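Data first, discussion second: the structure below is written as structure tokens.
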There are 2 protein chains.
Amino acid sequence: MKKDKRARLERAGWKVGTVRELLGLSRAEEALVELKLILSRGLRERRTRRRLTQAQLARLLKSSQSRVAKMEAGDPSVSIDLLIRSLLAMGTTQRELAQVIAHKTR
Amino acid sequence: MKKDKRARLERAGWKVGTVRELLGLSRAEEALVELKLILSRGLRERRTRRRLTQAQLARLLKSSQSRVAKMEAGDPSVSIDLLIRSLLAMGTTQRELAQVIAHKTR
DNA sequence: TGACTTCATGTCAGACCTGACATACATTGT
DNA sequence: ACAATGTATGTCAGGTCTGACATGAAGTCA
């Protein structure tokens, strides 16, 4: 949000904050959610780039289609652990993983 | 290992491989173990740099001293999830996290 | 339309992880 | 030696995550 717009809104009596503040998430919690989002995107990207279906990837990962879908959707029932293990199982290197994490949501 | 040393050993009848091959770990499994190691080191570094005891950090993380010890030891009972959540809770940014991961074990 | 393919969502038993506790070990100071 | 402080390790009840299954939704093709 631009500075001037914020100022205008605040003059008008609005309490302007981030989504994080609205939902009452701590900085760390927010970072965790974002991290998960980034990893799930990375996973989907890598799968589609290889033209695999979720079912095919599931076989590769010894998981199930539904879990792959949930991973890519950033479902709350999916841990960062699983996302990272899946990326690694797809051949992602540690360096690439770091790059994925470094790229923030824009 | 230097190339020439490897060659010498192999001439002498040794099958030279990596730890991974010895233990029968897949590339992905190895990467996972290494990742965990790196994160646990990162955690300990950040704690000692702040001159906190494990018990103090535990309070901060709403965990226990024994779990912190296990985190720093890379204990099998500790998930990558917990390590990352702990780092984030200590104020580590996403970018810093990426840097930690990018630094390979030397 | 119906058959087929791909992805999404709900549920659940069993596997796995977590905080807490007890206790052991190591180091330092007296 | 003893006490104090910090760290390591084993155990376990309760909580979370996972693969699998069922089913739905959306798209494609004939």
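Just so we're on the same page: letters track the sequence lines, and every chain starts at 1. The shown structure was predicted, so the numbers you read here are calculated from the model rather than taken from an experiment.
The shortest distance between the side-chain N/O atoms of B:R85 and the OP1/OP2 oxygens of C:dT18 is below 4.0 Å. Residue A:R44 places at least one side-chain N or O closer than 4.0 Å to OP1 or OP2 of C:dA8.
For the pairing with A:Q54, the side chain to side chain donor-acceptor pair (under 3.5 Å) check across A:R59, A:Q65, A:K70 returns one residue only, A:Q65. Between A:I84 and the choices A:V100, A:L43, A:L39, the side chain to side chain contact (heavy atoms under 4.5 Å, CB included) rule is met once, by A:L39.
We find that CG of A:L82 is positioned 12 Å from P of D:dA20, with the value rounded to whole Å. Note: CD (A:Q54) to C1' (D:dG19) measures 15 Å, nearest angstrom. Regarding B:R67, its CZ atom lies at a distance of 17 Å from the P atom of D:dT7, rounded to whole Å. The CD-C1' distance, from B:Q65 to C:dA24, rounds to 12 Å in whole Å. Counting to the nearest Å, the P atom of C:dC7 and the CG atom of A:L52 are 10 Å from each other. As a whole-Å value, the separation of A:L61 CG from D:dA20 C1' is 15 Å. A straight line from CG of B:D75 to P of C:dG19 spans 13 Å, rounded to a whole angstrom. When the P atom of D:dA8 is taken as reference, atom CD of B:E72 falls 7 Å away, rounded to whole Å.
To the nearest 0.5 Å, atom CG of residue B:L87 and atom CD1 of residue B:I80 are 11.5 Å apart. Here the straight-line distance linking atom CZ of A:R47 with atom OG of A:S86 works out to 12.0 Å at 0.5 Å rounding. Interatomic distance, CG of A:L57 versus CZ of A:R67, reported as 13.5 Å (0.5 Å rounding).
Residue contacts shown for A:S63 are limited to sugar-phosphate atoms, with no base heavy atom under 4.0 Å away. Among the protein residues, A:V78 comes within range of the sugar-phosphate backbone only, with heavy atoms under 4.0 Å from sugar or phosphate atoms but none that close to a base.
Proximity of a side-chain donor or acceptor of A:K36 to a complementary backbone N or O of A:V78 within less than 3.5 Å is detected.
In this structure, of C:dT18, C:dG19, C:dT9, it is C:dG19 that holds the atom nearest to the side chain of B:S64. In this structure, the nucleotide among C:dT18, D:dT18, C:dC7 sitting nearest to the side chain of A:R47 is C:dC7. Distances were taken from every side-chain heavy atom of B:T53 (C-beta onward) to each of D:dT7, C:dA20, C:dT6; the shortest belongs to D:dT7. Side-chain proximity of B:S79 to C:dC17, D:dA8, C:dC7: nearest is C:dC17.
A heavy-atom distance below 4.5 Å is not found between the side chains of B:L61 and B:L82.
Residue side chain B:S77 does not reach the base of C:dC16 through any donor-acceptor N/O pair under 3.5 Å, judged by distance alone. Residue B:K70 places a side-chain atom within donor-acceptor reach of the base of D:dG10, judged by atom type and a 3.5 Å distance cut-off alone.
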Requested in this report: I would like to know whether B:E96 and B:R46 meet side chain to side chain contact (heavy atoms under 4.5 Å, CB included); could you show each step before the answer?
Outcome: CA-CA 12 Å; B:E96 285 169 338; B:R46 278 162 174 71; 4.1 Å; yes

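An end-to-end axis angle of 40° holds for the helix from C:dT1-D:dA30 to C:dT30-D:dA1, taken from five base pairs per end and rounded to 10°.
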